[in-house]
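What follows is one structure encoded as structure tokens, with my remarks underneath.
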2 protein chains.
Amino acid sequence: MATRTHSVEDYLEAIYFLAFPVGEYGPVVKAGPAPAARVAEMLSVTAPTASEMMKRLEAEGYIERTGRRPLLTEKGRHEAERVVRNHRIIERFLTDFMGYSPAESHEHADAMGDAFTDEMVERLAERLGHPDRCPHGWPVDPSHEQTENQELRALAAVPAGGRATIVRLAEHDGDLLHWFYDRGLVPGTEILVEDVAPAAGELRVRYGDTAMAISEKAAGGLFVRLAP
Amino acid sequence: MATRTHSVEDYLEAIYFLAFPVGEYGPVVKAGPAPAARVAEMLSVTAPTASEMMKRLEAEGYIERTGRRPLLTEKGRHEAERVVRNHRIIERFLTDFMGYSPAESHEHADAMGDAFTDEMVERLAERLGHPDRCPHGWPVDPSHEQTENQELRALAAVPAGGRATIVRLAEHDGDLLHWFYDRGLVPGTEILVEDVAPAAGELRVRYGDTAMAISEKAAGGLFVRLAP
DNA sequence: CATCCAATTTAGCCTAGGCTAACATCGCCT
DNA sequence: AGGCGATGTTAGCCTAGGCTAAATTGGATG
């Protein structure tokens with residue numbers, strides 16, 4: 001199933017993404033760069049392959065390395081934000097025009113990114129009415145993302161009795177994304193944390209007509225805004 | 001300007017295309033396979049590169065070679081027709097949804113072909129209302145193309161005094177395509193051949209409010225249906 | 001038949017992106 | 001201080017798709 005081959009852009013996207021970890025990956029919960037090993041893991045390449053690319057990214061001025069953590073330079077961050085933005089608009093194209101489910105859009109969007117130039121993505125955005133969120137709730141403009149982060153937390157960090165609204169779904173794991181959508185855990189859903197069982201590593205939640213237990217791992221991928 | 005890198009599919013498309021030459025390239029005027037050198041030329045690769053790929057195409061059962069002309073096998077023809085069909089639907093997507101001009105759509109369509117799976121192209125066709133022609137007048141379904149060929153001829157082969165309607169524009173040369181569109185020589189245009197000057201290698205034509213001379217080369221890329 | 005140009009092929013090399021195996025470090029913990 | 005697992009790097013090799021330079025082959029023509 002040849003998991004295709006990755007360009008500089010894919011690595012930058014991964015590094016950008018990993019700069020704001022949550023649980024194992026992703027934004028909000030705690031912050032700071034992740035080692036190259038996480039990048040390798042995320043892109044399903046081996047350590048030497050990632051190592052080689054890191055060397056190149058540094059040589060070309062996209063990252064700096066103090067210790068073992070890759071730090072995006074201005075250039076690298078701009079490039080990464082461009083790629084992320086394109087990715088999110090393409091996801092909206094896949095859902096809004098092509099009729100794919102959000103989870104499916106995620107699977108196709110990376111490959112499409114290589115085919116669309118920036119100019120084409122701008123046209124897409126125009127035709128789609130300038131959407132401001134990707135199907136999973138992330139802001140199309142990554143700079144808004146960081147502002148918004150302050151108001152959000154992972155569901156895993158909501159105390160018992162807390163009420164919250166799902167704003168974004170972690171995208172790093174396609175299977176987890178499917179799992180969310182299969183259960184109606186989508187942006188906009190209001191959810192109540194009935195009980196927290198850290199020993200069991202799970203939370204009991206209620207939303208709509210459903211009551212269920214969610215593992216801490218899964219709850220780490222649901223980013224919510226607490227009800228006032 | 002790194003003219004990107006070509007896959008098996010691109011070579012098959014070129015071979016398919018060259019199987020019905022007109023003037024230097026393209027369908028209708030005379031028929032029969034073209035040597036690999038033409039394929040190389042069309043894809044802007046060197047002869048050894050094309051030669052190498054021919055070897056591979058033969059080994060994988062896409063072509064047979066008697067003499068120096070590559071002959072598409074059943075497998076090869078099916079594959080080529082699939083690629084051509086996808087290409088034409090993608091061109092319609094680029095004009096109808098993305099808002100590109102026909103000439104621009106041609107420039108982008110090849111790169112896009114790699115990003116869209118067959119399933120995605122089917123969806124595209126559906127969303128676009130199942131178009132039956134590409135923007136340059138070619139049938140989306142290549143099998144219709146060959147039937148229709150019998151009713152068409154190149155403008156270069158229309159005798160003085162002949163009236164005809166432009167049905168298709170040759171796509172092999174992006175610059176020529178631009179030239180046609182810049183002058184309003186588009187599918188549907190009715191055109192009168194006033195005079196033929198073989199010595200000068202040109203025809204005098206009239207269409208709409210325009211009267212002009214067209215080189216035989218350009219006229220070889222305009223495929224027309226003669227008025228009864 | 002000889003010649004000559006076009007077409008093709010061989011040989012050798014290159015780049016991007018991967019891989020495995022083996023070695024080198026880091027840093028945390030007892 | 002020593003251990004040891006997680007990280008990172010080196011070395012060597014691979015595939016796809018290109019390239020140039022230098023043979024070869026084929027066919028049309030004088």
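Reminder, nothing fancy here: chain letters follow the sequence lines and each chain counts from 1. Everything numeric here is computed off the predicted structure, so don't read it as measured data.
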Specify the separation, in whole Å, of atom [atom1] of [X] and atom [atom2] of [N].
X	N	atom1	atom2	result
A:Arg38	D:dT7	CZ	P	5 Å
A:Met54	D:dG8	CE	P	8 Å
B:Glu9	D:dG17	CD	C1'	15 Å
A:Glu60	C:dT15	CD	C1'	13 Å
A:Glu52	D:dC13	CD	P	16 Å
B:Arg65	D:dT25	CZ	C1'	13 Å
A:Asp114	C:dG17	CG	C1'	13 Å
B:Met53	D:dT15	CE	P	15 Å

| message | Would you say the ring centers of A:Phe223 and A:Phe180 fall short of 6.0 Å from each other? | response | no
| task | For this output row, return yes or no: ring centroids of A:His136 and A:Tyr181 closer than 6.0 angstrom. | result | yes
Between [options], spot the one nearest the side chain of [X], thanks.
X	options	answer
A:Ala37	C:dT9, D:dG8, C:dA21	D:dG8
A:Ser51	D:dT9, C:dC19, C:dT9	D:dT9
A:Ser7	C:dA7, D:dG17, C:dG17	C:dG17
B:Pro48	C:dA16, C:dA7, C:dT9	C:dT9
A:Pro35	C:dT8, D:dT7, D:dG17	D:dT7
A:Thr5	C:dC19, D:dG17, C:dG17	C:dG17
A:Lys55	D:dT10, D:dA16, C:dT8	D:dT10

| message | Walk me through whether B:Glu104 and B:His108 qualify under side-chain hydrogen bond (donor to acceptor under 3.5 Å, both in side chains). | response | CA-CA 7 Å; B:Glu104 288 170 329; B:His108 291 307; over 6 Å; no
| query | Does B:Arg123 make a cation-pi contact with A:Tyr100, if we ask for NZ or CZ under 6.0 Å from the ring centre and within 45° of the axis? | reply | yes
| query | So, is B:Thr49 close to the D:dG17 phosphate, meaning a side-chain N or O under 4.0 Å from OP1 or OP2? | reply | no
| said: For a quick test of reading the model: is some side-chain N or O of B:Arg69 closer than 4.0 Å to OP1 or OP2 of C:dA7? | reply: no
| field | Main-chain N/O of A:Met98 paired with B:Arg127 side-chain donor or acceptor, under 3.5 Å | value | yes
